[in-house]
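Here is the structure we will look at, set down as structure tokens.
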Amino acid sequence: ELTACASRATRPRANGQAGVGLAAEDHAMLRAERTLVDGNTTVGVIAVGSETEAEITGCVIRETHPTAGGYWGRAVEANGGASLRATATLMDHSAEIGAVALDATTRLVLIDSVVTDVAPGRRGLGVGVGAGGGASLDATRLAVARVAGAGVAAVENASRVTARDVFVRGVRRSTVRFSEDGNTVTPDGASVAY
């Protein structure tokens, strides 16, 4: 459990792995409140593995850098069946993705949060928030601004995004991206503005 802490300028090991600001892995639990995650490489905050839980509240995750090869640079990521909840959190200046959930049974919840300034990265993504590989993402009262690719995206293997009171602005390409293989982005009534 972290309160009013900072994680700054982590770098990957020589093999190019890690460089993460805060991580919860393999049945771990992470709670961070009013914590600054600044200038890290690869991922700002990550939760990985089944029965892994992370909750961040009132945090600032900024300037998440890609690896030397230009990959990654994600502010928040949940994968491998983990659960991550971000409340009142700012995700600012990422390279590739602001917040993402990957893999089946993974769940990402974003409430009262903001994602801004996501660069395309080497893979050309530049996604504000998204789900892939069958994961689910629930966004409530979320603002996404100044992203290179999609504001909200669901891709690969029946991934699901539910958006309530989401505002997306300043997207260079598509606002919401759907794929053809059963993925859904579901606005709740007329509460999503683009």
Side-chain angles (χ1 to χ4, degrees), residues 1-3 5-13 15-111 113-119 121-123 125-139 142 153 155-156 159 161:
E1 293 192 17
L2 305 170
T3 302
C5 297
S7 171
R8 292 178 184 244
T10 57
R11 298 289 178 248
R13 296 185 293 259
N15 64 4
Q17 297 297 311
V20 174
L22 301 176
E25 298 183 18
D26 302 324
H27 301 81
M29 183 178 291
L30 167 71
R31 302 269 187 267
E33 186 175 346
R34 298 184 328 273
T35 292
L36 173 64
V37 181
D38 181 34
N40 298 290
T41 301
T42 312
V43 180
V45 178
I46 191 169
V48 180
S50 64
E51 298 182 36
T52 299
E53 294 181 24
E55 186 171 340
I56 57 176
T57 304
C59 295
V60 173
I61 304 159
R62 66 182 185 202
E63 299 293 339
T64 308
H65 303 291
T67 62
Y71 295 102
W72 298 80
R74 301 169 180 181
V76 171
E77 180 179 323
N79 70 54
S83 174
L84 192 150
R85 179 184 183 100
T87 305
T89 292
L90 171 63
M91 293 155 269
D92 182 43
H93 282 89
S94 302
E96 197 171 79
I97 300 173
V100 65
L102 300 169
D103 304 323
T105 72
T106 300
R107 183 157 189 237
L108 176 60
V109 176
L110 304 171
I111 301 170
S113 294
V114 176
V115 175
T116 63
D117 295 293
V118 182
R122 184 156 187 165
R123 288 181 262 235
L125 298 176
V127 173
V129 297
S136 68
L137 183 147
D138 293 301
L142 176 73
V155 297
E156 299 176 341
S159 300
V161 174

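Across every non-hydrogen atom of Ala54 and Ala47, the tightest pair is CB-CB, 3.9 Å. Ala86 and Ser113 make their closest contact through O-OG, 3.6 Å (heavy atoms, listed as atom of the first residue, atom of the second, distance). Residues Pro12 and Thr42 come closest through the heavy atom pair CG-OG1, 4.2 Å. When all heavy atoms of Ala131 and Leu137 are compared, the pair lying nearest together is CB-CB, 4.2 Å.
Annotation: side chain of Ser7 is not in contact with side chain of Thr35 (no heavy-atom distance under 4.5 Å). You'll find the side chain of Val129 stays beyond 4.5 Å of the side chain of Met91, heavy atoms only. A 4.5 Å side-chain heavy-atom check between Val100 and Val127 finds every atom pair outside the cut-off.
Atom-to-atom distance recorded for Arg85:CZ and Leu108:CG is 11.0 Å, nearest 0.5 angstrom. Residue Thr106 holds its OG1 atom at 6.0 Å from CG of Asn79, rounded to the nearest 0.5 Å.
In this structure, the salt bridge (charged side-chain N to carboxylate O under 4.0 Å, His left out) partners of Arg107, at least two apart in sequence or on a different chain, are Asp138. Under the side-chain contact (heavy atoms from CB on, under 4.5 Å) criterion, Ala6 pairs with Arg8, Leu36, not counting sequence neighbours. Partners of Thr10 according to the side chain to side chain donor-acceptor pair (under 3.5 Å) rule, which considers only residues two or more places apart in sequence or in another chain, are Asn40.
Each of Val115, Ile56, Val37 was scored for a side chain to side chain contact (heavy atoms under 4.5 Å, CB included) with Val76, with one residue passing: Ile56.
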Side-chain donor-acceptor distances from residues 21-32 under 3.5 Å, at least two apart:
none

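Sorted by first then second residue, the side chain to side chain donor-acceptor pair (under 3.5 Å) pairs that include residues 43-66, not counting sequence neighbours, are Asp38-Arg62. Listed by first and then second residue, the side chain to side chain donor-acceptor pair (under 3.5 Å) pairs that reach into residues 87-99 are Arg74-Glu96, Asp92-Thr116, Glu96-Arg123, sequence neighbours excluded.
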